[in-house]
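Everything below concerns the one structure shown next.
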Amino acid sequence: MEAMEVDSPMEMQGRGGVQPAVAPAGEDPNAPLVISDSGSSTEVDDDDDDDNEGRQTASRVPPRLPATWAFSQRAVGSAATPSAAQGAPMRRRLRQGLRVHYPSQTAAPSRGFPDFLLRAPAASVAQPESGSTTEVSESDEDAEAENEGDEGGTSAAAETVDPVLPPASPRLNASIQNTLPQEAVPTNSSSAADGERTEAQNLLVQSVSVASDSLQSSHGEEGEGDNCTICFEAWTTAGEHRLSALRCGHLFGFTCIQRWLKAQGPVAKCPQCNKKAKRSDIVLLYAPKLRALDNSEQEILKKSLEQEQSLRRKAELESAQYKLKLQVVTNKYGQAQQELQELKALMAQAGRSSVPSSSSSVSTSLLLSLSQRADGSRTAQYSFSKAVLVSQAGGSRVLSYCEPLSCLLASQPSPQTTLVPGCGVKKVSVVNMKASQYVPIHSKQIRGLSFNRQNDSLLLSAALDNTIKLTSLLTNTVVQTYNAGKPVWSCCWCLDNSNYVYAGLSNGSVLVYDTRDTSTHVQELHPLRSRCPVASLCYVPRAASSSFPCGGLIAGSLEGGCFWEQVNETTYRPHVLPLENAGCTDIQVETESRHCLVTYRPGRSNPSLRCVLMALNRTPQQDSSQLPSCSCSPVQTFSAGSSCKLLTKNAVFKSPDGGGMLVCAGDEASNSTMVWDAGTGSLLQKLPADLPVLDISPFTVNGEHFLASLTEKMLKLYKWE
């Protein structure tokens with residue numbers, strides 16, 4: 001780095017300046033005048049005059065550097081340096097590097113500096129990191145050289161040091177740009193030195209400008225969330241103005257928010273969001289440096305992605321459904337095209353026939369062929385899916401399906417009679433078609449299982465141990481027990497009010513229980529005829545049906561059936577159904593179509609098992625004195641085998657293909673399950689079994705239809721395909 005030179009008094013005199021002092025004898029008058037380093041900072045004021053001619057009069061005030069900058073000085077002469085008062089030539093060097101002069105410094109700016117030339121190479125400005133401050137680092141060699149210069153020794157060349165960058169201020173660039181052009185051009189400098197000085201000055205100005213801009217941008221970005229929004233001062237990590245927050249999440253200085261809430265009184269609110277706040281809501285935050293990552297755009301993109309994925313899944317599902325429908329329609333269209341071609345061929349054959357009678361015969365054969373094809377086109381039927389072992393020793397009796405848990409429940413004796421005596425139910429998952437676990441419930445054989453429509457997984461069970469129980473299948477524990485005093489043969493839920501349950505006793509009575517009353521039954525329905533055991537109980541819910549709108553309970557015994565119409569919660573009106581006097585073993589109901597299936601065991605007049613489908617109806621009220629009566633009329637009769645030693649349970653339900661109803665019954669003679677079409681009465685299938693079928697239960701899982709048949713040991717599952 002080149003030295004900083006000061007014009008000699010001779011040069012100043014030539015320009016009309018102050019008269020020089022006389023040099024002592026024996027000394028060269030042209031020798032440079034050396035000024036000793038005092039260690040102080042040199043400061044001059046800004047001068048807007050940009051005159052670079054270098055010919056200023058002595059009456060003008062010499063140009064001064066900005067007051068915010070000072071240059072370190074170093075003596076370059078010997079220990080015995082002549083003073084300026086003696087008129088000796090003076091020369092001084094500029095310490096490499098710049099020192100920031102902050103307003104807190106007490107050094108007064110010098111007003112009487114002579115005009116001098118600044119020679120400094122381009123300073124390398126390091127790009128400051130975010131939030132950092134650039135400082136001047138002076139090496140140990142500079143300190144030693146300064147001490148030697150003060151003692152009179154020869155100064156050494158100092159290492160190049162980065163210039164000090166002052167705090168980001170809009171006055172920084174202006175002061176540097178206004179200062180450098182005001183420096184006088186020396187008369188003894190060459191043209192090469194002038195070019196070098198100009199280039200160095202430009203590079204220095206550009207470097208300082210870039211550094212100040214970087215500092216301003218970094219301070220602007222980081223300073224936005226570092227100030228208290230009440231006093232606009234930076235919060236601290238300790239002390240009275242430490243960082244604190246309200247319950248709403250906004251940040252303030254502790255003293256500011258405390259005074260704010262105190263001034264507003266009982267109706268204090270957050271200064272930013274106007275939410276209610278109080279002094280106890282202030283929470284001190286222990287964060288040395290707080291910086292929140294703005295991820296609002298990321299969250300918006302996540303929500304958009306989830307919405308797009310949801311719409312895509314929905315579109316894919318709809319596409320799959322439409323493809324399936326298209327395939328079905330295409331198949332039907334192909335069949336219709338084939339039938340149309342055959343019909344055209346038959347019509348052409350009939351047209352070529354010369355005998356008129358043959359035309360009618362051909363038409364008849366055509367209708368028969370189309371009818372047979374229509375019957376044969378119905379290829380969907382039950383096919384065997386899987387067999388599950390329920391009880392190795394036998395003893396299973398009734399079956400029911402739990403829709404919320406997707407499992408079948410089959411009653412059976414305890415598999416570990418020594419450890420857990422009694423009877424319970426075996427869970428069979430219809431998802432993997434495997435028996436899962438055994439749940440103990442009663443001490444004797446279970447005769448009835450039922451679920452309500454609430455999908456709360458509460459199982460109602462009736463047994464010969466004189467009790468009915470409510471069991472939660474979620475926890476596999478009994479939650480309520482009612483003692484009926486008699487063996488219970490059947491049970492069911494009230495489908496109009498799930499708080500009521502019914503129990504059919506062995507003496508023909510029906511007990512009504514309220515699940516909200518855990519002590520005893522609330523009502524008893526006495527039999528109208530003989531006291532035969534109530535073998536079956538079915539509830540018919542109320543419906544907007546013109547033929548049978550009322551709701552009530554159908555109780556079936558060995559000697560007939562009775563419909564208990566529920567007038568209100570506490571009133572039941574009995575209606576004796578027109579059934580055969582003896583041999584009724586079971587009554588099942590199809591609630592939507594208002595039909596019931598009555599099963600009769602073989603007798604003298606009818607040597608085979610019969611299942612009679614009956615339609616429930618209600619006669620209208622003719623006058624005020626006569627009440628409307630409920631009855632039933634036979635629709636279709638289905639015949640099975642000639643043996644019926646067990647009280648089996650049959651089923652009537654809507655066909656899986658949506659057309660008509662199906663009737664299923666167990667045939668003891670052939671150990672099979674027979675499936676009829678309720679509309680035509682024709683036998684559709686005969687599903688074989690190894691033992692007599694005791695109970696039948698249809699169910700649906702994930703849109704697929706199944707039929708379960710229970711024997712004493714096995715549970716067989718059939719899928720509608």
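Here, residue 1 is the first one in the sequence, and each next residue gets the next number.
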Under 3.5 Å, which donor-acceptor pairs do the side chains of residues 531-538 form with other protein atoms, sequence neighbours left out?
unit_1: Ser536; atom_1: OG; unit_2: Ile587; atom_2: N; d: 3.3

Audit row: Leu511, Leu505, side-chain contact (heavy atoms from CB on, under 4.5 Å) steps and yes/no: CA-CA 8 Å; Leu511 299 182; Leu505 306 183; 3.7 Å; yes
What closest approach, in Å, do Pro656 and Leu662 show between heavy atoms, and which atom pair accounts for it? CD-CD1, 3.7 Å
Can you check whether Ile441's main-chain N or O pairs, donor with acceptor, with Lys469's side chain at less than 3.5 Å? yes
Tell me if a side-chain donor or acceptor on Gln588 pairs with a main-chain N or O of Lys649 at a distance below 3.5 Å. no
Do any side-chain atoms of residues 311-326 form donor-acceptor pairs under 3.5 angstrom with protein atoms, and if so which ones, sequence neighbours left out?
unit_1: Arg312; atom_1: NE; unit_2: Glu316; atom_2: OE2; d: 3.4

To the nearest 0.5 Å, what is the distance between CZ on Arg601 and OG on Ser608? 14.0 Å
Keeping Thr515 on the side-chain end and Asn499 on the backbone end, is there a donor-acceptor pair under 3.5 Å? yes
For atom NZ of Lys386, decide whether the heavy atoms of other residues, nucleotides or ligands shown that lie under 6.0 angstrom number more than 12. yes
Contact between Val512 and Tyr502 at the side-chain level, heavy atoms closer than 4.5 Å - yes or no? yes
Ignoring hydrogens and angles, state whether a donor on the side chain of Lys427 or Asn476 is under 3.5 Å from an acceptor on the partner side chain. yes
Can you find a pair of side-chain heavy atoms, one from Leu597 and one from Val663, that are under 4.5 Å apart? yes
Charged N to carboxylate O under 4.0 angstrom, Glu580 versus Arg610? yes
Which atom pair, heavy atoms only, marks the closest approach of Phe451 to Tyr401? CD1-O, 3.5 Å
Please identify each residue that fulfils side-chain contact (heavy atoms from CB on, under 4.5 Å) with Ala651, with sequence neighbours left out. Phe653, Ile696, Pro698
Could you check whether any side-chain N or O of Gln445 sits under 3.5 Å from a backbone N or O of Ala463, counting only pairs where one atom can act as donor and the other as acceptor? no
Return the minimal non-hydrogen interatomic distance between Lys686 and Ser672, and the atom names on each side. CE-OG, 3.3 Å
Do Ser498 and Asn452 have side-chain N/O donor and acceptor atoms under 3.5 Å apart? no
Non-hydrogen atoms of Phe548 and Leu616 that approach each other most closely: CB-O, 3.7 Å
Contacts of type side-chain contact (heavy atoms from CB on, under 4.5 Å), residue Ala387, not counting sequence neighbours: Phe384, Met714, Lys716
Surrounding CG of Asn702 (heavy atoms of other residues, nucleotides or ligands, distance under 6.0 Å), is the total greater than 12? no
So which atom in Gly681 and which in Phe638 form the shortest heavy-atom distance, rounded to 0.1 Å? CA-CE2, 3.5 Å
Say you draw a straight line from CZ of Phe699 to CG of Leu399; how long is it, rounded to the nearest 0.5 Å? 8.5 Å
Verdict with reasoning, Ser639 to Leu609, per side-chain contact (heavy atoms from CB on, under 4.5 Å): CA-CA 6 Å; Ser639 298; Leu609 178 70; over 6 Å; no
Go through the steps to decide whether Asp677 and Ser682 satisfy the test side-chain hydrogen bond (donor to acceptor under 3.5 Å, both in side chains), and finish with yes or no. CA-CA 6 Å; Asp677 187 352; Ser682 60; 4.8 Å; no
Output yes when a side-chain donor or acceptor of Tyr539 lies under 3.5 Å from a complementary backbone atom of Gly551, and no otherwise. no
For Glu712, is there an ion pair with Arg397 - N to carboxylate O distance below 4.0 angstrom? no
Taken to the nearest 0.5 Å, the spacing of Ile468 CD1 from Arg447 CZ works out to 15.5 Å
Who are the salt bridge (charged side-chain N to carboxylate O under 4.0 Å, His left out) partners of Arg542, not counting sequence neighbours? Asp496
Atom pair OH/OG of Tyr718 and Ser383 - distance to nearest 0.5 Å: 10.0 Å
Side-chain donor-acceptor pair under 3.5 Å between Asn581 and Glu559, yes or no? no
Does atom CH2 of Trp489 have more than 12 heavy-atom neighbours from other groups under 6.0 Å away? no
Can you tell if the side chain of Val576 reaches within under 4.5 Å of the side chain of Leu528, non-hydrogen atoms only? yes
Would you mind telling me which of Ser411, Ser414, Ser461 makes a side chain to side chain contact (heavy atoms under 4.5 Å, CB included) with His442? Ser461
Closest non-hydrogen atom pair between Thr599 and Cys611, with its separation: OG1-SG, 3.9 Å
Compute whether any side-chain donor of one residue and acceptor of the other, for Gln566 and Asn568, lie under 3.5 angstrom apart. no
Enter the distance from Ser396:OG to Leu694:CG here, rounded to the nearest 0.5 Å. 8.0 Å
Going by atom types only, do Tyr500 and Glu569 share a side-chain donor-acceptor pair under 3.5 Å? yes
Taking C-beta and beyond as the side chain, do Arg604 and Pro607 meet within less than 4.5 Å on heavy atoms? no
Would a 4.5 Å heavy-atom cut-off, applied to side chains only, mark Leu473 and Leu458 as touching? no
With a 3.5 Å cut-off and no angle check, do the side chains of Ser629 and His575 form a donor-acceptor pair? no
Closer than 4.0 angstrom, basic N to acidic O: yes or no for Glu668 and Lys645? no
Only one of Val488, Asn466, Thr520 clears side chain to side chain contact (heavy atoms under 4.5 Å, CB included) with Asn483; which? Asn466
Quick one, Cys632 with Leu579, criterion side-chain contact (heavy atoms from CB on, under 4.5 Å). Give me CA distance, side-chain angles, the key distance, then yes/no. CA-CA 9 Å; Cys632 61; Leu579 305 179; 4.2 Å; yes
Side-chain contact test, heavy atoms from C-beta onward, threshold under 4.5 Å: evaluate it for Lys713 versus Gln392 and give yes or no. no
Indicate yes or no: at least one non-hydrogen side-chain atom of Gln523 is less than 4.5 angstrom from one of Tyr572. yes
Glu590 with Lys654: basic N within carboxylate O range, under 4.0 Å: no
Hey, what do you get for CG (Leu553) to CZ (Phe563), rounding to the nearest 0.5 Å? 8.0 Å
Side chain to side chain donor-acceptor pair (under 3.5 Å) against Ser547, all qualifying residues, sequence neighbours excluded: Ser545
Indicate yes or no: at least one non-hydrogen side-chain atom of Val501 is less than 4.5 angstrom from one of Cys491. no
Would Leu449 and Leu460 satisfy side-chain contact (heavy atoms from CB on, under 4.5 Å), going step by step from the backbone distance to the final call? CA-CA 6 Å; Leu449 298 174; Leu460 175 66; over 6 Å; no
